[in-house]
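Start at 1 with the first residue, then count along the sequence.
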Amino acid sequence: MDEQDYNGWDDEDFRNEIRTFFESHYPSHLRFMPRRVRWIEIREWYLLLAERGWIAPNWPREYGGMGLSPSKMLIILEETERWGIPRAPDHGIVQLGPLLIQYGTSEQRSFYLPKILSGEHIWCQGYSEPNAGSDLASLRTSAILDGSEFVVNGQKIWTTHGDESTHMYALVRTDSQAKKQAGISFLLIDMKTPGITIRPIQNLTGHSEFCEIFFDNVRVPAENIVGEINKGWSLAKALLSIERVNIGSPRRQQYALRHLEMLAKAKGLFEDSGFIDRYAQLRMDMEDLASLYARYVEIVKRGETPGQDVAMLKIWATETWQRITCLLVETAEEYGAIEGTLDIDGVKLNVLAPFYYSLPSTILGGSNEIQRNIASKYVLGLPT
């Protein structure tokens, strides 16, 4: 395992190290995938990064991560996008791991963190329910303490990679009499536990990246609670802040912008002043996004929880993504209505896939309407 402290490296030397490894080892047939990659497809790459010690660039080194500075993190993101490497099923790496490092018990950290790093445990998030999406505190999935176990009943929906995950971290209601936020706990669930039913949901592109999960008297050990019982809402907010930082990553926007650049060059649009104006605005939006993202990466690296102002990152990232993909579809002209990988003026790309995936991004992780309400109330101090 590579145990070097890369923060002491010159940025360009670090970039060359990452670039050389990616170009030498990442499977060419998995580059620039137009959909979410499945665990079975990217498992070997995940394990290769784990073996090298590169699987958790955002974790402190003492827990097996790389402990990278924001500038080095951005270099990895840029090189990942440049080489077309998709995001693996990594909820354990980008969400649960940082949460356990900050709030978990020593026993939970020693048991779960190594298994996340090794790929033995693949995690999904059990938050949203049919009647509890943006109003997450209205969740109804219950966990009733029975001796040394919780008995879980209810349903989760829009669970990304739920059908290929080994474990779920879930918000459950442990006190039905308390106020909405006060009766929620954060529970770790083994997906092999009897009573769990998983049903994939097919999306607009024909792929099943989401699932609905049903719990019927599922028994979970009481020690799987993270933090205190009925105090899970504060952990949920912390994890949602981390999730919004991850949603704010420039990776997908860079991927879409790269496709736009390729298509525009093939069509000679960089000789068109009208197109150049629109493209330049998007490039400036991307620079703003990268700068804002780096700020929040630094907050998370310090072990702090981003404040309510992280809502601005989520808004800017997702709406920038939509603006880029809309221009991509428009630039493709008549090909912008055709699904699949196309040859457009000598450039092979899938126009509609990034467009399709950008559309729900303003809803995922808390709708942008709700994020604007949060920013106006808690950041700007405007009256409700």
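- For Arg82 and Glu79, the salt-bridge test passes: some basic side-chain N is under 4.0 Å from an acidic carboxylate O.
- Both tests do not hold together for Arg109 against Tyr63: distance to the six-membered ring centre under 6.0 Å, angle to the ring axis within 45°.
- Using a 4.0 Å cut-off between a side-chain N of Lys or Arg and a carboxylate O of Asp or Glu, Arg140 and Glu129 do not qualify as a salt bridge.
- Residue-environment remark: NZ (Lys115) exceeds the threshold of 12 foreign heavy atoms within 6.0 Å.
- Side-chain atoms of Leu260 and Leu263, non-hydrogen and from C-beta on, never get closer than 4.5 Å to each other.
- Closest of all the heavy-atom pairs between Met191 and Cys124 is CE-SG, 4.2 Å.
- Salt bridge status for Glu369 with Arg372: absent, with no side-chain N to carboxylate O gap under 4.0 Å.
- Side-chain N or O atoms of Asp175 include none that pairs as donor or acceptor with a backbone N or O of Gly183 at under 3.5 Å.
- For the pair Ile76 and Trp54, the minimum side-chain heavy-atom distance is 4.5 Å or more.
- Atom CD of Glu23 is surrounded by more than 12 heavy atoms from other residues, nucleotides or ligands within 6.0 Å.
- The heavy-atom pair separating Asp5 from Arg61 by the smallest distance is CB-NH1, 3.2 Å.
- The shortest distance between side-chain heavy atoms of Thr362 and Glu319 falls below 4.5 Å.
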